[in-house]
Amino acid sequence: MSSQEGPENLAASGTAPDHTASYAANQALWDAWTAVHAAGDHYDLEGFRAGGIRLRQEEIDAVGDVTGRSLLHLQCHFGIDTLSWARLGARVTGADFSPAAIRLARELAVDMGFPDARFVEANLYDLPAVLEGAFDIVYTSRGVLGWLPDIRGWARVVAHFLAPGGTFFITEIHPVANAFENDGVKPGELRLAYPYWEHPEPLVFDVVGSYAEPDADVGEQHEHGWDHGLGEIVTALIEAGLRIETLEEHPYLDWSVDFLVEQSPGADRYLLPAGTTGELPLMFSLLATKPVP
């Protein structure tokens, strides 16, 4: 498939792949991960209940003051980031396709004193059929786009829910970094292994543990994932009617992969090791707005 032939064109020709089985496998995985993450140290739910904000300062600075503003968090897992925005004053709605994650998010919202926080269970592409309204802010971040087969469809969902004059923000692993093998390699070993541009069929991987709890027992699970080039992501948002305000590329990643090293102990930020020849973007941040008619 050429980089110009997207899922819409495949659907028109009657050859669009059916992703039902992939969605089911990923939902089962995230249900299992929810139980692991709720009990593990990485998310520290008891500590979060006690207070604090689980957002990077640069995210808060980019989005700006959210006091009294409506915010939709797409692919929210069990809502720690969503409820962090609530603690900063936003009126929040989170959406995720994992029933286990949404149940936990709703429990957390009540426990933390945010009974008006809404959490909606839905596949992202189905969300416009089950959630009404437009939002001042649409937010999604870190490890989300790789679970989606159709970046144009994703962008249309973002634009659908963003109110005129509203802000969309994402920070995510850079598609260039995703093209390299991230398991079983040495720090600084850049082994090109995966597609850069969007592909119709998923890449399927056996899962051991989780990104947050590597030694956890999650049973026999499989991850189904897709890649999307940075140009495809940006163009999809533009085609959906949004205006790109800023696009930044970063030399760090907010989680561990084998070809990176931790910036400093406990920093939860990872870089290419010192002495690596050349440079590589590892994350990007994008802010877009929806024009007022």
Side-chain angles (χ1 to χ4, degrees), residues 33 36-37 40-44 47-48 52-63 73 75-77 80-81 84-85 139-148 151 168-198 203 205 207-216 223 225-234 244-288:
W33 276 353
V36 168
H37 296 166
D41 295 333
H42 179 86
Y43 283 96
D44 182 21
F48 184 65
I53 303 297
R54 299 291 179 88
L55 299 164
R56 294 283 191 182
Q57 186 61 47
E58 54 264 34
E59 294 179 275
I60 298 171
D61 293 342
V63 173
H73 182 182
Q75 297 170 272
C76 71
H77 196 20
I80 282 186
D81 286 358
S84 291
W85 288 115
Y139 164 86
T140 187
S141 288
R142 295 192 186 85
V144 291
L145 298 185
W147 304 94
L148 303 174
I151 205 65
F168 168 65
F169 181 78
I170 179 173
T171 182
E172 175 64 292
I173 187 170
H174 199 290
V176 166
N178 261 342
F180 292 95
E181 179 60 66
N182 62 19
D183 188 28
V185 294
K186 299 176 183 178
E189 181 182 352
L190 300 177
R191 185 191 305 166
L192 192 62
Y194 302 113
Y196 176 80
W197 290 284
E198 187 168 292
L203 303 177
F205 303 93
V207 174
V208 177
S210 88
Y211 59 89
E213 306 290 340
D215 297 326
E223 173 184 331
W226 295 266
D227 298 285
H228 315 284
L230 188 59
E232 292 174 323
I233 295 166
V234 171
I244 307 301
E245 302 291 347
T246 61
L247 173 61
E248 298 181 66
E249 298 170 291
H250 308 293
Y252 55 77
L253 186 62
D254 282 348
W255 60 88
S256 174
V257 297
D258 285 0
F259 62 82
L260 301 178
V261 296
E262 194 167 17
Q263 185 177 33
S264 59
D268 287 332
R269 182 154 281 179
Y270 298 83
L271 309 169
L272 287 167
T276 301
T277 301
E279 296 177 314
L280 185 70
L282 297 172
M283 292 194 79
F284 74 92
S285 299
L286 183 150
L287 189 142

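Hydrogens, waters and symmetry mates are skipped; everything else that's a heavy atom, side chains included, is used.
With sequence neighbours left out, P273 forms a side chain to side chain contact (heavy atoms under 4.5 Å, CB included) with P187, V261, T276. Applying the side chain to side chain contact (heavy atoms under 4.5 Å, CB included) test to R191 and every residue at least two apart in sequence or in another chain returns E181, V185, E189.
A donor-acceptor pair is defined here as one N or O able to donate and one able to accept, closer than 3.5 Å; no such pair exists between the side chain of E248 and the backbone of M283. Formation of a donor-acceptor pair under 3.5 Å by the H250 side chain with backbone atoms of Y252 is not found in this model. Looking only at distances, no side-chain donor or acceptor of E172 sits under 3.5 Å from a matching main-chain atom of S285. Distance alone, capped at 3.5 Å, places no donor-acceptor pair between the E249 side chain and the P281 backbone. With H228 contributing its side chain and L148 its backbone, the two residues share a donor-acceptor pair below 3.5 Å. At least one donor-acceptor pair under 3.5 Å links the side chain of E262 to the backbone N or O of A267. No donor-acceptor pair closer than 3.5 Å links the side chain of Q263 to the backbone N or O of L271.
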ask   = Does the side-chain contact (heavy atoms from CB on, under 4.5 Å) test come out yes or no for L247 and L230, once each step is laid out?
value = CA-CA 10 Å; L247 173 61; L230 188 59; 4.2 Å; yes
request  = Might you work through the salt bridge (Lys or Arg N to Asp or Glu O under 4.0 Å) test for R269 and D254, ending with a clear yes or no?
outcome  = CA-CA 5 Å; R269 182 154 281 179; D254 282 348; 3.2 Å; yes
query = Between R54 and D44, does a side-chain contact (heavy atoms from CB on, under 4.5 Å) hold up when you go through it step by step?
reply = CA-CA 11 Å; R54 299 291 179 88; D44 182 21; 3.8 Å; yes
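Classification of the Y139-F169 ring pair by plane angle, with boundaries at 30° and 60°, yields parallel.
The number of heavy atoms from other shown groups lying within 6.0 Å of CD (Q57) is above 12.
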